[in-house]
Engineer: 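Submitted below is the structure of interest, expressed as structure tokens.
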Amino acid sequence: MNEGTKEELISQGAEGRVYRTQFQSKDAIVKERFSKKYRHPELDAKITRSRLNSEGRNIEKCRQLGLDSPAVFLVDKHNSRLYMEYIEGCTVKEHLRLVDTNSAEALDLALRIGKAIATLHDGNIIHGDLTTSNIMLRERDVQKIVMIDFGLSYISTSLEDRAVDLYVMERAFLSTHPNSEELFSSLLTGYVQQSKNGKGVSDRLNQVRARGRKKSMLG
Amino acid sequence: MPDQLDCICYTKGPGMGAPLLSVAIVARVLCQLWKLPLVGVNHCVGHIEMGRVVCNSKDPIILYVSGGNTQVIAYSMSRYRIFGETIDIAVGNMLDRFARVVGLSNDPSPGYNIEQLAKKGNKFVHLPYIVKGMDVSFSGLLSFIEKQKDVLKDTHTAADLCFSLQETVFSMLVEITERAMAHCNINEVLIVGGVGCNERLQEMMKIMVEERGGKLHHMDERYCIDNGCMIAYAGLLQFMNGFTTPVSESTVTQRFRTDEVLVNWRE
């Protein structure tokens, strides 16, 4: 299909390699899930197939909810390749490293990220790997939030799955951006404001947190 | 002998209350008897520092897997920060309980017996594979095996179950380690903790790390499992950087998270 097109490796995630390329003369990236040699072949085939499918489907669903995420050009199941729009911009992780994480602007960004996640959850999509590396800013504009990397996403209506999604994000957020508790609490505020069931999810989040291991029993 | 010592290090936590307390009492007695400063050490930080010095590893992603812990750790801004961990039970705990379900002996250890029996298995059965970002969950997997064991026993031998369990569980651990490597942009891995002795886990991790062009540090089994040396060494690092624990504050705590320790001996 794209024979002869130059592909330049831009990152190697845990899921696969991401190359920059052209797709029908549009700027594109292709995410290729290659077989993981450490995994048992049966397990590997099952995981690779299900993640490629859920990523293709749920990016589309995310866009239908009115959120920004890369346009999917082609799901090539035969080669486990997903062709998507190339997004010019930076990750939220890169952005937060450059700005004061306690500034009003950063807190507002976190609030809007919380709202975006609530919209996603209200559409029954659980992202599965929410981190600041998996949310981008189109053209580095803080108003243009783009959700990416839906490889671990799935459909669910349960409170537990929503709460765990936020819990995973909280832990990745605080370890990646130390001393940014305020930023994450702003994110949760945004979530609760936007979500159809903000109270239910945040109560459940408290239960999930208490389940974590070796948490201090104080407070 | 005491005149050759600079300080007394003891494990402050995490761990089981009774053993922690007994050691703390001995440490307090010795430090007052010999008039030496006391240094309280975090058990997990002990594992990490011992691993780093034995393997000569500067800045690795650390997979800490044992009976009570399952954590993916990286250093950032004066702390060992936990990027991923189990959201319910620890991997070693799950393996031990699995061993009981399939009727394996505790001698010399359930994990070792699973590893040996798994070598004889080859029929793979799909088990719940639960990865949530950089976190994992094992409780559902254990419930699945407990509930399905009678059905599974008709089609799979105990060896097949051990084999499938190892393949599934270790794939989950390797996957979250790889995700942390990508997220933190780090290309070295160090495995510590008792489950780190498992050769299949080491082999799978090595394949993943080499695919990424990185380096897996091979840990000597003697220092992978709990040892006193690691507490002495981590305590020494703290002591040389001005940290001591006054006797009046020399408590122990069963819940002492890795990221609570100020790591001021690293850049």
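Residue numbers begin at 1 in each chain, while the letters A, B, ... track the order of the sequences. Worth knowing before you read on, the calculation uses all heavy atoms, side chains too, and leaves out hydrogens, waters and symmetry mates.
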Engineer: Within the distance-only criterion (no hydrogens, no angle test), does the side chain of A:Arg171 pair as donor or acceptor with the backbone N or O of B:Ile82 below 3.5 angstrom?
Structural biologist: yes

Engineer: Checking side chain to side chain contact (heavy atoms under 4.5 Å, CB included) for the pair B:Tyr129/A:Lys46: CA distance, chi angles, key distance, verdict?
Structural biologist: CA-CA 11 Å; B:Tyr129 184 98; A:Lys46 189 178 168 187; over 6 Å; no

Engineer: Would you compute the distance between atom OG of A:Ser35 and atom CD of B:Glu211 and round it to the nearest 0.5 angstrom?
Structural biologist: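 Spacing of OG (A:Ser35) from CD (B:Glu211) equals 7.5 Å.
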
Engineer: Top residue by heavy-atom pair count (under 4.5 Å) with chain A, among B:His183, B:Met204, B:Met77, B:Met134?
Structural biologist: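 Counting heavy-atom pairs under 4.5 Å, the top option is B:His183.
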
Engineer: Counting C-beta onward and ignoring hydrogens, is there a side-chain heavy-atom pair between B:Lys132 and A:Leu152 closer than 4.5 Å?
Structural biologist: no

Engineer: Rounded to the nearest 0.5 Å, what's the gap from CG on A:Leu43 to NE2 on B:His126? Could you check?
Structural biologist: 6.5 Å

Engineer: Shortest non-hydrogen contact from A:Lys37 to B:Ile207?
Structural biologist: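 Result for this residue pair: CB-CG2, 3.6 Å.
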
Engineer: When you look at NZ of A:Lys77, are more than 12 heavy atoms from neighbouring residues, nucleotides or ligands closer to it than 6.0 Å?
Structural biologist: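 Not buried by this count: 12 neighbours or fewer within 6.0 Å.
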
Engineer: Hey, which of B:Thr253, B:Asp259, B:Val174, B:Ile176 has the most heavy atom pairs under 4.5 Å with chain A?
Structural biologist: B:Val174

Engineer: So, for B:Arg212 and A:Ala14, which heavy atoms are closest and what is the spacing to 0.1 Å?
Structural biologist: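 Taking B:Arg212 first and A:Ala14 second, the nearest heavy atoms are NH1-N, 4.4 Å.
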
Engineer: At what distance, to the nearest 0.5 angstrom, does CD of A:Glu42 lie from OG of B:Ser164?
Structural biologist: 8.5 Å

Engineer: Near B:Asn185 CG, under 6.0 Å, is it more than 12 heavy atoms from other residues, nucleotides or ligands?
Structural biologist: no

Engineer: Where on A:Val168 is there a heavy atom nearer than 4.5 Å to chain B: the side chain, the backbone, both, or neither?
Structural biologist: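 Both backbone and side chain of A:Val168 come within 4.5 Å of chain B.
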
Engineer: Under 4.5 Å from any heavy atom of chain B, what part of A:Tyr154 do you find: side chain, backbone, both or neither?
Structural biologist: side chain

Engineer: Tell me, side chain or backbone of B:Tyr80 under 4.5 Å from chain A's heavy atoms, or both, or neither?
Structural biologist: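 No part of B:Tyr80 comes within 4.5 Å of chain A.
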
Engineer: Quick one, B:Arg81 and A:Leu174 - any side-chain contact, counting heavy atoms below 4.5 Å?
Structural biologist: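 B:Arg81 does not reach A:Leu174 side chain to side chain.
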
Engineer: Answer yes or no: are there more than 12 heavy-atom neighbours, outside B:Lys119 itself, under 6.0 Å from its atom NZ?
Structural biologist: yes

Engineer: Is chain A contacted by the side chain of B:Arg200, its backbone, both, or neither, given a heavy-atom distance below 4.5 Å?
Structural biologist: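 Contact with chain A involves the side chain of B:Arg200 alone.
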
Engineer: Could you tell me if the side chain of B:Glu175 sits less than 4.5 Å from the side chain of A:Tyr38, heavy atoms only?
Structural biologist: yes

Engineer: Is chain B contacted by the side chain of A:Ile47, its backbone, both, or neither, given a heavy-atom distance below 4.5 Å?
Structural biologist: side chain

Engineer: Which label fits A:His40 and B:Phe124: parallel for a plane angle under 30°, tilted from 30 to 60°, or perpendicular past 60°?
Structural biologist: parallel

Engineer: Are more than 12 heavy atoms from other residues, nucleotides or ligands located less than 6.0 Å from atom NZ of A:Lys93?
Structural biologist: yes

Engineer: Please flag which part of B:Met208 lies under 4.5 Å from any non-hydrogen atom of chain A: side chain, backbone, both or neither.
Structural biologist: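 Both parts, backbone and side chain.
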
Engineer: Is any side-chain heavy atom of A:Val208 less than 4.5 Å from a side-chain heavy atom of B:Ile87?
Structural biologist: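 They are not in side-chain contact.
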
Engineer: Taking all non-hydrogen atoms of both residues into account, name the closest pair between A:Lys36 and B:Glu178 and its distance.
Structural biologist: NZ-OE1, 3.0 Å

Engineer: B:Ser171, B:Ser137, B:Ala182: which one forms the most heavy-atom pairs within less than 4.5 Å of chain A?
Structural biologist: B:Ser171

Engineer: Heavy atom to heavy atom, less than 4.5 Å: which residues from residues 176-187 of chain A reach chain B?
Structural biologist: A:Thr176, A:Pro178, A:Asn179

Engineer: Heavy atoms only, distances under 4.5 angstrom: which of A:Met169, A:His127, A:Arg51, A:Arg17 has the most pairs with chain B? Name it, please.
Structural biologist: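 When all of A:Met169, A:His127, A:Arg51, A:Arg17 are compared, A:Arg51 has the most.
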
